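Here the structure comes first, spelled out in structure tokens, and everything after it is commentary.
Note that this is a predicted model, so its numbers are computed, not measured. Quick note: numbers below take in every heavy atom, side chains included, and nothing from hydrogens, waters or symmetry partners. In what follows, every chain begins at residue 1, and chains take the letters A, B, ... in the order their sequences are listed.
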Amino acid sequence: EAAVTQSPRNKVAVTGGKVTLSCNQTNNHNNMYWYRQDTGHGLRLIHYSYGAGSTEKGDIPDGYKASRPSQENFSLILELATPSQTSVYFCASGLRHNQAPLFGEGTRLSVL
Amino acid sequence: GQQVQQSPTSLVLQEGENAELQCNFSTSLNSMQWFYQRPGGSLISVFYNPSGTKQSGRLTSTTVIKERRSSLHISSSQITDSGTYLCAMESNYQLIWGSGTKLIIKP
């Protein structure tokens with residue numbers, strides 16, 4: 001069964017600390033995405049990837065890095081976390097850009 | 001500016017009533033997608049609708065490209081329909097998201 005798994009599901013971090021959010025998909029999809037969701041903003045694209053080794057900047061990449069070491073895994077890295085990065089983060093995978101992506105369950109991140 | 005406007009922001013209905021959700025977009029698009037998000041949960045694709053009308057059970061999506069709008073109609077709403085509905089338009093190989101409509105169905 002197609003699946004996108006995120007870890008951790010909840011994370012509390014301190015300002016200035018490093019945070020890594022992980023995403024694994026078993027769908028053999030080329031495209032993977034990281035979004036954040038905040039009240040009043042819908043979903044905003046942070047980084048995306050076309051395949052292993054590729055990462056592309058989305059609409060709000062500042063303060064975030066991404067890594068796609070394999071087809072299955074896509075990580076989002078906050079090198080120096082700030083309180084403004086408190087949000088819910090969703091990972092998604094998709095076969096093509098015009099196909100509905102499959103979403104993970106989300107990671108709730110609080111930066112204190 | 002905001003390219004996708006969703007309305008209403010929230011909607012409270014009695015069980016059995018019909019719901020009408022709207023998305024309007026300010027730029028050209030290739031297709032419109034609708035997603036359902038349960039409270040505190042993930043997003044699930046409801047419709048991928050390039051244009052015209054699609055129906056799935058009690059849900060109907062109508063997208064009119066020329067008028068730059070898409071609607072989601074839920075007939076005979078049920079309590080389990082409660083949640084947030086988001087539209088996303090596909091433009092230049094990216095999905096641009098609306099802010100969502102929070103739907104609450106009361107018994």
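- Closest approach of B/Leu86 to A/Gly42, counting heavy atoms only: CD2-CA, 4.5 Å.
- The number of heavy-atom neighbours closer than 6.0 Å to NZ of B/Lys102, taken from other residues, nucleotides and ligands shown, is 12 or below.
- Using a 4.5 Å cut-off between heavy atoms, A/Gln37 touches chain B through its side chain atoms alone.
- Note on A/Ile46: it does not cluster hydrophobically with B/Trp97, by side-chain heavy-atom contacts below 4.5 Å among ILVMFWY residues.
- Listed options A/Leu43, A/Asp59, A/Asp38, A/Leu45 were ranked by heavy-atom pairs under 4.5 angstrom with chain B; first place goes to A/Leu43.
- Contacts with chain A were tallied for B/Leu43, B/Ile96, B/Ile44; B/Leu43 has the most, counting heavy-atom pairs under 4.5 Å.
- Connection of A/Leu109 to A/Phe103 is not established within any shared hydrophobic cluster, with ILVMFWY side chains joined at heavy-atom distances below 4.5 Å, either directly or through further cluster members.
- Residues A/Val88 and A/Leu21 fall into different hydrophobic clusters, defined by Ile, Leu, Val, Met, Phe, Trp and Tyr side chains chained together at heavy-atom separations under 4.5 Å.
- The number of heavy-atom neighbours closer than 6.0 Å to CZ of A/Arg108, taken from other residues, nucleotides and ligands shown, is 12 or below.
- Under a hydrophobic-cluster definition in which Ile, Leu, Val, Met, Phe, Trp and Tyr are linked whenever side-chain heavy atoms come within less than 4.5 Å, directly or via other members, B/Met32 and B/Ile74 are assigned to the same cluster.
- For chain A, the nearby part of B/Gln37 is the side chain; its heavy atoms alone come within less than 4.5 Å.
- Without hydrogens or angle criteria, B/Ser42 side chain to A/Gly104 main chain gives a donor-acceptor distance under 3.5 Å.
- No side-chain heavy atom of A/Thr39 sits less than 4.5 Å from a side-chain heavy atom of B/Ser99.
- In this structure, the portion of B/Phe35 lying under 4.5 Å from any heavy atom of chain A is its side chain and not its backbone.
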